[in-house]
Structure formats: C-alpha cells, structure tokens
Amino acid sequence: MAKVLAPTTLHFFMVLLISILVYSEANCCPSREIKITVFLQQFTGGPNATTAAVAGIPSRPRDTFQFGTIFVADAGITEGININSPQVGRGQGIYATSSLDGLNGHNVFSFVFTNRRYNGSTSEFQGRGYSQGVRVSELSVVEGTGAFRFVEGYATFATVLQRPSINYTVDRVDITLRQY
Ligand SMILES: *[C@@H]1O[C@H](CO)[C@@H](O)[C@H](O)[C@H]1NC(C)=O
Ligand SMILES: *[C@@H]1O[C@H](CO)[C@@H](O)[C@H](O)[C@H]1NC(C)=O
Ligand SMILES: *[C@@H]1O[C@H](CO)[C@@H](O)[C@H](O)[C@H]1NC(C)=O
C-alpha cells in the first residue's frame with residue numbers, strides 16, 4: 001500500500017509546487033514598458049549657459065575634447081523641440097571627458113521631472129555619453145525614484161537642432177524603460 005501511496009503523494013506535491021511556481025511567475029512582477037520623448041535644451045556658453053566646466057588638467061583647456069575635463073550641467077527639458085514649449089523638467093548632472101583621445105565622455109545625471117504626470121520623480125542616467133562625430137548616443141537608465149522606482153532601460157540622445165552662433169543645441173531624447 002505504502003509503495004502505491006508514496007509516488008502518488010510525491011506526485012501531488014510536485015504538481016502543487018509547479019502550480020505555485022507557475023502562479024508566482026504569472027502574478028509576481030510583470031514588467032511594464034514606459035516610453036517618453038522629450039527635448040533637452042542646452043547652451044554651452046554665453047549668458048544662458050547650462051553647462052560649466054568645473055575642473056580639468058592644470059594648464060590644459062577645459063573643453064569637451066580635452067581628457068579630464070569635468071562639467072556640471074543643468075538644462076531644461078521640454079515637451080517639444082521649441083524652447084518655449086511646455087517645460088517638463090531639468091537634466092542635471094556631471095559629464096567628464098573620459099577617454100585619453102578626448103573622443104568620448106562619461107555621464108552621470110538625473111532627469112528631474114516637474115510636469116503634472118511625473119512631478120518630483122527622477123530617472124537616473126549613466127554611461128558613455130558624447131562621442132565625437134556621433135549624432136545619436138545611447139545611455140543606460142539605471143534606476144529612478146517616485147514614478148520610476150525599479151525601472152531600467154536606455155535612452156537615445158539625437159542632436160536635432162544646432163545654432164553654434166548662440167552656443168545652442170537641442171537633443172531629442174527617446175527613453176524606453178521597463179518597470180518591474
Ligand atoms: C558662446 O560661447 C562662447 C564661449 O563660452 C562665448 O564667448 C560667447 O559669448 C557665446 N556666444 C553667445 C551668443 O552666447
Ligand atoms: C509639483 O510639485 C510641487 C511640490 O510638491 C508643486 O509645488 C507643483 O505645483 C507641482 N507641479 C505640478 C505641475 O503639478
Ligand atoms: C537666451 O535665452 C532666451 C530664451 O530663454 C533667448 O531668447 C535668448 O536669445 C538667449 N540668448 C542667447 C545669447 O543665447
């Protein structure tokens with residue numbers, strides 16, 4: 001009798017265990033995709049400058065193409081390409097020219113949202129930023145706060161408007177996030 005019961009009982013528990021695993025997989029933590037497109041309004045110099053070089057190698061120029069230059073930036077983020085379109089937040093953080101040949105940078109910054117939907121929430125960007133001659137760069141989104149807790153994803157930064165005479169550049173930023 002025991003010989004017959006044992007496998008049946010074992011079988012019952014295995015089915016139960018598998019059901020629990022399948023159930024948890026289906027119900028725990030579905031990921032949600034979030035897509036956001038915004039425009040980053042940057043002035044690299046002049047009275048409206050949104051970027052400041054704050055450190056660098058002594059006696060070397062503090063510019064984007066010089067290894068070791070560190071910038072702090074605080075640029076407006078708008079809904080549309082026009083600088084007068086509704087403001088949705090600010091991009092604030094640190095940029096460093098991190099390759100010896102001056103061709104690449106490393107970025108660590110936050111998008112601090114102030115629009116109604118994401119007010120007070122942030123998304124955190126990190127990775128290789130500017131690459132000389134590359135018009136679209138891709139960065140990791142490593143985390144977030146508020147509405148963006150437990151997100152991860154990536155964002156592309158494409159230069160869509162440039163007015164060198166006033167040091168003005170607009171990047172279109174397409175953000176794709178998964179939230180767990
Ligand atoms: C552009 O930036 C340069 C370097 O910071 C500055 O000398 C110049 O006045 C700026 N031009 C305008 C129009 O803001
Ligand atoms: C965002 O939150 C701040 C502080 O809580 C509040 O003053 C502001 O009016 C809010 N903005 C929007 C667009 O809801
Ligand atoms: C500064 O920004 C304002 C818009 O906020 C713009 O009208 C003005 O032309 C800008 N000035 C320069 C020198 O970039």
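In each ligand, atom 1 is the first atom listed, and ligand 1 is the first ligand listed.
Defined by atom type and a distance below 3.5 Å, a donor-acceptor pair is present between the side-chain atoms of Thr37 and Asp174.
With a 4.0 Å cut-off on non-hydrogen atoms, Ala49 does not touch ligand 1 at all.
Taking hydrophobic clusters as Ile, Leu, Val, Met, Phe, Trp and Tyr residues chained together by side-chain heavy-atom distances below 4.5 Å, Ile166 shares a cluster with Phe39. Criterion: ILVMFWY side-chain heavy atoms under 4.5 Å apart, direct or through other members. Under it, Phe148 and Val173 are part of a common hydrophobic cluster.
At under 3.5 Å, a nitrogen or oxygen of Asn167, whether backbone or side chain, sits near a nitrogen or oxygen of ligand 1.
Ring pair Phe113/Tyr118 is perpendicular by interplanar angle, where above 60° counts as perpendicular and below 30° as parallel.
In the vicinity of Pro47, heavy-atom distances shorter than 4.0 Å reach the ligand 1 atoms 14 (O). Atom numbering of ligand 1 starts at 1 in the shown order; those under 4.0 Å from a heavy atom of Ser165 are 13 (C).
Judged by distance alone, with hydrogens and angles left aside, the side-chain atoms of Thr97 form no donor-acceptor pair with the main-chain N or O of Gly105 at under 3.5 Å.
Annotation: salt bridge (charged side-chain N to carboxylate O under 4.0 Å, His left out) contacts of Arg178 (sequence neighbours excluded): Glu33.
The environment of OH in Tyr168 is crowded: more than 12 heavy-atom neighbours from other residues, nucleotides or ligands sit within 6.0 Å.
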| task | Please assess Val38 against Phe111 for the test side-chain contact (heavy atoms from CB on, under 4.5 Å), listing each intermediate value before the final yes or no. | result | CA-CA 10 Å; Val38 289; Phe111 273 11; 3.9 Å; yes
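The immediate protein surroundings of ligand 2, defined as residues with any heavy atom under 4.0 Å of it, consist of Thr114, Arg116, Asn119.
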